[in-house]
Amino acid sequence: MSRSSLQIFVPFLLATLATSLLNAQDRAGVSTQYKTETDVLYRSGDDLSDAIKQRCRLDVYYPANKTDYATVVWFHGGGLTGGSKSIPDGLKNQGIAVVAANYRLSPAVQSPTYVEDAAAAVAWTIKNIEPRGGSRHRVFVAGHSAGGYLTSMVGLDRKYLAAHDLNADDIAGLIPYSGHTITHFTVRKEQGIGGKQPIIDEMAPLYHVRPDAPPILLITGDREMEMLGRYEENAYLWRMLKEAGDEDVELFELDGFDHGQMANPAHALTIKFVRQIVNTHVGR
């Protein structure tokens, strides 16, 4: 498999220029006004635990004077053991909404609780973005590292959104940044398995490869600078999705950027991907 066949996106300069071009194309974004709602509880019920009330909350950043806009649900990284929600600067002022969600963390909870929380946040967004002017048919899911893992699990394993009477195939697109595609190392640790022992079981996005998944944009850092073969994991997912018959999946490797650095230049690719999907699915 050649590097060129995986559509490698190399320099930071191009990412910066892409962002500038996208901003120029979205002239309406100059005058668009944005609102932010913070700490919205995305789980409901009369018997919510204190942990749910504390961690199952999200922030909604959205255009106040636009309609039918796209939304990116964003999950933070932190190895499923740490981290907190925030709206990435690279996704702001782009004419879209961003929903940044927290989720419960290990070791206070164990697998698959954090995936279930992520699905609940996506479900809340699909069911609640229209009253704020957005389109429920233009909801994308993205995240960095552990957030990328959650993105892929929610979008590829249909059961998590099915629990909310939703179809994962209705997600407009998936954009995992440097996410595990094998079983996450924290999930393996909970089972007494070492971080360098790869496992593919039902908690691995690779286990759920299928031809009818939502459009997918896989982004990683430089293969020589990434964590524990993260590029190669994503390349394998890309290949197996192709082998399964999925023609709507792309893989980008950001040369010169390590695992932590890759998120900022990746945001320009996410905005471009979102706009491409929206423009090619006019009826949605």
Side-chain angles (χ1 to χ4, degrees), residues 7 9 14-30 32 34 36 58-76 86-101 118 121-122 125-126 128-130 132-144 147-148 150-152 154-156 161 168-179 213-220 234 238 246-252 254 262-284:
Q7 298 180 275
F9 185 87
L14 288 181
T16 304
L17 290 173
T19 301
S20 299
L21 288 171
L22 289 170
N23 285 334
Q25 291 168 358
D26 188 16
R27 299 297 184 184
V30 175
T32 299
Y34 294 87
T36 303
L58 52 78
D59 297 341
V60 188
Y61 168 90
Y62 63 99
N65 56 344
K66 289 185 65 174
T67 59
D68 217 27
Y69 51 77
T71 300
V72 173
V73 182
W74 176 260
F75 294 113
H76 65 81
S86 64
I87 307 292
D89 288 341
L91 300 181
K92 291 181 178 179
N93 300 306
Q94 298 292 338
I96 66 170
V98 184
V99 174
V122 173
T125 303
I126 293 172
N128 289 277
I129 201 64
E130 285 191 342
R132 293 165 173 81
S135 169
R136 65 180 284 133
H137 302 295
R138 293 175 173 176
V139 174
F140 296 76
V141 185
H144 178 228
L150 295 175
T151 295
S152 298
V154 169
L156 292 177
L161 281 177
D169 297 348
D170 291 336
I171 294 173
L174 305 171
I175 314 110
Y177 294 22
S178 291
I216 302 173
L217 175 63
L218 302 165
I219 313 174
T220 78
N234 279 266
W238 175 85
D246 188 343
E247 295 299 324
D248 208 350
V249 54
E250 298 178 84
L251 171 63
F252 284 88
L254 299 181
M262 61 78 60
N264 285 334
H267 294 321
L269 296 175
T270 293
I271 295 299
K272 181 179 180 181
F273 177 75
V274 167
R275 290 180 176 163
Q276 286 176 336
I277 296 297
V278 169
N279 290 338
T280 55
H281 293 74
V282 179
R284 299 196 76 185

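In this chain, residues are counted from 1 in sequence order.
- By the salt bridge (Lys or Arg N to Asp or Glu O under 4.0 Å) test, D59 pairs with K85, sequence neighbours left out.
- Nearest heavy atom pair, residue Y62 against residue R132, reads CD1-O, 3.7 Å.
- The minimum heavy-atom distance between L58 and V60, with the atom names listed, is CD1-CG2, 3.5 Å.
- Between T32 and N65 the shortest heavy-atom distance is CG2-OD1, 3.4 Å.
- For the atom pair L217 CG and K272 NZ, the distance stands at 10.0 Å (nearest 0.5 Å).
- Separation of atoms OG1 (T67) and CD (E130) is listed at 11.0 Å; rounding is to 0.5 Å.
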Give the intermediate values and the outcome of side-chain contact (heavy atoms from CB on, under 4.5 Å) for residues L156 and I216. CA-CA 10 Å; L156 292 177; I216 302 173; 4.1 Å; yes
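- Contact annotation: the side chain of L269 approaches that of L254 to within less than 4.5 Å [non-hydrogen atoms, C-beta and beyond].
- Two residues are said to be in side-chain contact when any heavy atoms from C-beta on lie closer than 4.5 Å; I219 and T270 meet this criterion.
- Looking at R138 and D68, their side chains come closer than 4.5 Å, going by heavy atoms from C-beta outward.
- Looking at every heavy atom in both residues, A97 comes nearest to P63 through N-CD, 4.0 Å.
- Side-chain contact between L251 and V249 is absent, with no heavy atoms from C-beta onward closer than 4.5 Å.
- Remark: Y69 engages no residue in a side-chain hydrogen bond (donor to acceptor under 3.5 Å, both in side chains) (not counting sequence neighbours).
- Counting heavy atoms from C-beta outward, P176 and L218 have side chains that approach closer than 4.5 Å.
- In this view, T220 satisfies the side-chain hydrogen bond (donor to acceptor under 3.5 Å, both in side chains) rule with no residue, not counting sequence neighbours.
- Remark: L150 CG to F75 CZ distance equals 6.5 Å, nearest 0.5 Å.
- With sequence neighbours excluded, the residues that form a ring pair (Phe, Tyr, Trp, His ring centres under 6.0 Å) with Y177 are W74, H267.
- With rounding to the nearest 0.5 Å, the separation of CD1 in I126 from CZ in R136 is 6.5 Å.
- Among all heavy-atom pairs drawn from V154 and A118, the shortest one is CG2-CB, 3.8 Å.
- Between I277 and F140, some side-chain heavy-atom pair lies under the 4.5 Å cut-off.
- The side chain to side chain contact (heavy atoms under 4.5 Å, CB included) check on A168 picks up R158, L161, R210, with sequence neighbours excluded.
- The two atoms that bring G155 and P214 nearest to each other are O-CD, 3.8 Å, heavy atoms only.
- Contact annotation: the side chain of I96 approaches that of I271 to within less than 4.5 Å [non-hydrogen atoms, C-beta and beyond].
- Taking T71 as the reference, nothing meets the side-chain hydrogen bond (donor to acceptor under 3.5 Å, both in side chains) condition, with sequence neighbours excluded.
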